[in-house]
Amino acid sequence: VQLVESGGGLVQAGGSLRLSCAASGRTFSSYAMGWFRQAPGKEREFVAAVDRSAWSRYYYADSVKGRFTISRDNAKNTLYLQMNSLKPEDTAVYYCAAGTSGSSYSSDYNYWGQGTQVTVSS
């Protein structure tokens, strides 16, 4: 599966952005999906994930709970990340990934997008 992120940009602190991740192929619904991010000089970190099942479970990093919402539209082969109340420390390149389970470990994901830059100004 190929993944293409979009929706990044520059926003002021307290603002919102919605990231999208468009997946190619007809097997999108069979993958668990996740969002990760990587800030300059830091390791890639988990942001959020959603299971592949019809009764999806959702997982969030503590740093984004209550501010970010992950969702998926299997009919459109698209994953979303709604980001509200953004903070300067949310500045990073955001990546979507496809894997076999909703996991916080990047090693559990087999396919990655190229990333989209999110910059939050103070």
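Keep in mind that this is a model prediction, so the values were computed, not measured.
For the atom pair CZ (Arg72) and OG (Ser29), the distance works out to 7.0 Å, reported to the nearest 0.5 Å. To the nearest 0.5 Å, atoms NZ (Lys87) and OG (Ser122) are separated by 14.0 Å. Considering CH2 of Trp35 and CG of Leu79, their distance stands at 5.5 Å, rounded to 0.5 Å.
Glu45 is linked by a salt bridge (charged side-chain N to carboxylate O under 4.0 Å, His left out) to Arg37, counting only residues two or more places apart in sequence or in another chain. Residues passing the salt bridge (charged side-chain N to carboxylate O under 4.0 Å, His left out) test with Lys65, sequence neighbours excluded: Asp62. Remark: Ser30 pairs with Thr27 by the side chain to side chain contact (heavy atoms under 4.5 Å, CB included) rule, at least two apart or across chains. Taking Tyr94 as the reference, nothing meets the ring-ring contact (aromatic ring centres under 6.0 Å, His included) condition, with sequence neighbours excluded. Under the side chain to side chain contact (heavy atoms under 4.5 Å, CB included) criterion, Ala98 pairs with Val1, Leu3, Tyr31, Met33, Tyr111, not counting sequence neighbours. For Ala22, the side chain to side chain contact (heavy atoms under 4.5 Å, CB included) criterion is met by no residue, not counting sequence neighbours. Not a single side chain to side chain donor-acceptor pair (under 3.5 Å) links Ser6 to another residue, sequence neighbours left out. Scored by the side chain to side chain donor-acceptor pair (under 3.5 Å) test, Gln117 finds Thr119 as partners (sequence neighbours excluded). With sequence neighbours excluded, the residues that form a side chain to side chain contact (heavy atoms under 4.5 Å, CB included) with Gln114 are Val4, Glu5.
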Please tabulate, for side-chain N and O atoms in residues 13-20, each donor-acceptor pair with protein atoms closer than 3.5 Å (sequence neighbours left out).
{"from": "Ser16", "atom 1": "OG", "to": "Asn84", "atom 2": "OD1", "distance (Å)": "2.9"}

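Nearest approach of Tyr109 to Gly34, heavy atoms of both residues: CE2-N, 3.7 Å. In plain terms, the two heavy atoms of Leu81 and Ala48 that are nearest each other are CD1-CB, 4.3 Å.
In the displayed structure, Glu89 atom CD is contacted under 6.0 Å by more than 12 heavy atoms of other residues, nucleotides or ligands.
Residues Val47 and Val50 fall within the same hydrophobic cluster, defined by Ile, Leu, Val, Met, Phe, Trp and Tyr side chains chained together at heavy-atom separations under 4.5 Å. Cluster annotation: Phe28 is connected to Tyr58 through the hydrophobic network of ILVMFWY side chains, with a link wherever side-chain heavy atoms come within less than 4.5 Å.
Listed for the Asp51 side chain is a donor-acceptor partner under 3.5 Å among the backbone atoms of Gly102.
Residue pairs that meet the ring-ring contact (aromatic ring centres under 6.0 Å, His included) test with at least one member in residues 59-83, sequence neighbours left out, do not exist here. Applying the side-chain hydrogen bond (donor to acceptor under 3.5 Å, both in side chains) test to every pair with at least one member in residues 95-106, sequence neighbours left out, gives these pairs: Ser103-Asp108.
For the pair Val118 and Met83, the minimum side-chain heavy-atom distance is below 4.5 Å.
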